[in-house]
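In listed order, ligands and their atoms are each counted from 1.
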Amino acid sequence: MPRIVRFAGETGPRYGMVDGGEVAVLEPHPFGPHGPTGETVPLEGLQLLAPVIPSKIVCVGRNYVDHAAELGNEVPAEPLLFTKPATSVIGPGQRILYPADLSDEVHHEAELAVVIGAILSRVSPAEARRGIYGFTAANDVTARDLQRSDGQWTRAKGFDTFCPLGPAIATDIDPHDVGVRCLVNGDLRQDGTTRDLVFDVPTLVSYISQAMTLLPTDVVLTGTPAGVGPLVPGDTVRVEIDGIGALENTVVERSRTVDPATN
Ligand code: ZN
């Protein structure tokens, strides 16, 4: 099952394909013409990075019936879209910075993320399916109190570090039959399956593309199953998706002295 990772090389980020305990380096990147360099590096000890830096992240709210119900909402008749800025992305092992000066209710949301591999504008679901590069895991970290009080979701969903992505892009999983789990300090909080998605992946990608062009590297978050709940500084949060792997991050309270660029 092909899995693509992005990792810190000596001179900057590099891409490679996981092959057992090795990573076969490819250049320049998988979102255009590329090929193997012939070089391999051991997977163990590599610093994995977010597998993409998207131009935009488009998210879908209330796309699992049980999650909509737990927050007292109906499932919408059409996909409910919002976005997160590219600056919210962090990779495996990076720290989620808890904005305690503005929020005291930050939640985890484990989600299957779609990585777009083509320019998609006003495409059909069938065309959308062909334009998908692969799938990764995401944590749609959300300041739930600000989501309620702001009346719309940009700030609550958009803090720096509120979009962990990774650890790999799986290119041939069935996106409609994988388990999506979230563990906090080892305790299982969310245990869902994408079999329960309200709107399936090609439908979502097609729907989004009727409004905005999706570009290679763009990411679509497909919604979260039931079990969302609070994170607090000191927690370790782990999103697991079958066939993709585990995305683990720790939570620390941000301070005025923390520079997100060096997180
Ligand atoms: Zn979400």
Side-chain angles (χ1 to χ4, degrees), residues 50 52 54 56-76 78-90 96 98-99 103 105-116 135-166 175-176 178-184 188-201 203-205 207-208 212 214 218-231 235 237-241 244 247-249 251:
V52 284
K56 60 183 168 298
I57 304 155
V58 186
C59 311
V60 183
R62 302 172 192 162
N63 200 30
Y64 289 80
V65 173
D66 54 356
H67 168 64
E70 74 179 342
L71 295 183
N73 297 306
E74 300 285 323
V75 170
E78 291 189 28
L80 174 63
L81 302 184
F82 61 95
T83 64
K84 291 167 90 82
T87 42
S88 63
V89 171
I90 58 172
I96 296 166
Y98 193 113
S103 170
E105 190 184 9
V106 172
H107 281 192
H108 56 82
E109 293 189 0
E111 308 203 6
L112 177 72
V114 183
V115 180
I116 302 297
F135 301 90
T136 192
N139 192 343
D140 175 20
V141 181
T142 302
R144 195 71 70 200
D145 47 357
L146 300 183
Q147 184 184 25
R148 283 191 298 266
S149 62
D150 282 1
Q152 50 82 30
W153 304 358
T154 303
R155 188 166 66 135
K157 300 276 194 177
F159 282 91
D160 291 348
T161 76
F162 271 25
C163 191
L165 294 176
H176 305 117
V178 288
V180 177
R181 293 174 293 280
C182 184
L183 297 91
V184 178
L188 188 62
R189 294 271 191 89
Q190 294 182 270
D191 187 10
T193 166
T194 57
R195 288 193 298 272
D196 294 336
L197 285 176
V198 175
F199 297 103
D200 68 18
V201 168
T203 299
L204 291 173
V205 172
Y207 182 86
I208 295 163
M212 64 191 87
L214 288 164
D218 280 351
V219 168
V220 174
L221 267 54
T222 56
T224 197
V228 300
L231 295 170
D235 282 347
V237 57
R238 179 180 172 99
V239 175
E240 295 178 352
I241 300 185
I244 293 172
L247 168 66
E248 193 167 282
N249 301 90
V251 182

Chi angles and distances behind the side-chain contact (heavy atoms from CB on, under 4.5 Å) call for T194, F135:
CA-CA 12 Å; T194 57; F135 301 90; over 6 Å; no
For F199, check side-chain contact (heavy atoms from CB on, under 4.5 Å) against everything at least two apart and list the hits.
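Here the qualifying residues are N63, P79, T203, L204.
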Protein-derived N, O or S atoms lying less than 2.8 Å from the Zn ion (ligand 1), waters not counted, sum to 3
Please check if any side-chain donor atom of Q147 sits under 3.5 Å from a side-chain acceptor atom of H107, or the reverse.
no
Those residues that, when tested against F162, pass ring pair (Phe, Tyr, Trp, His ring centres under 6.0 Å) (two or more places apart)
F159
Any residue meeting salt bridge (Lys or Arg N to Asp or Glu O under 4.0 Å) with D218, in chain and number order, not counting sequence neighbours:
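For D218, the residues satisfying salt bridge (Lys or Arg N to Asp or Glu O under 4.0 Å) (neighbours in sequence not counted) are K56.
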Do R144 and L71 have side chains that get closer than 4.5 Å, going by heavy atoms?
yes
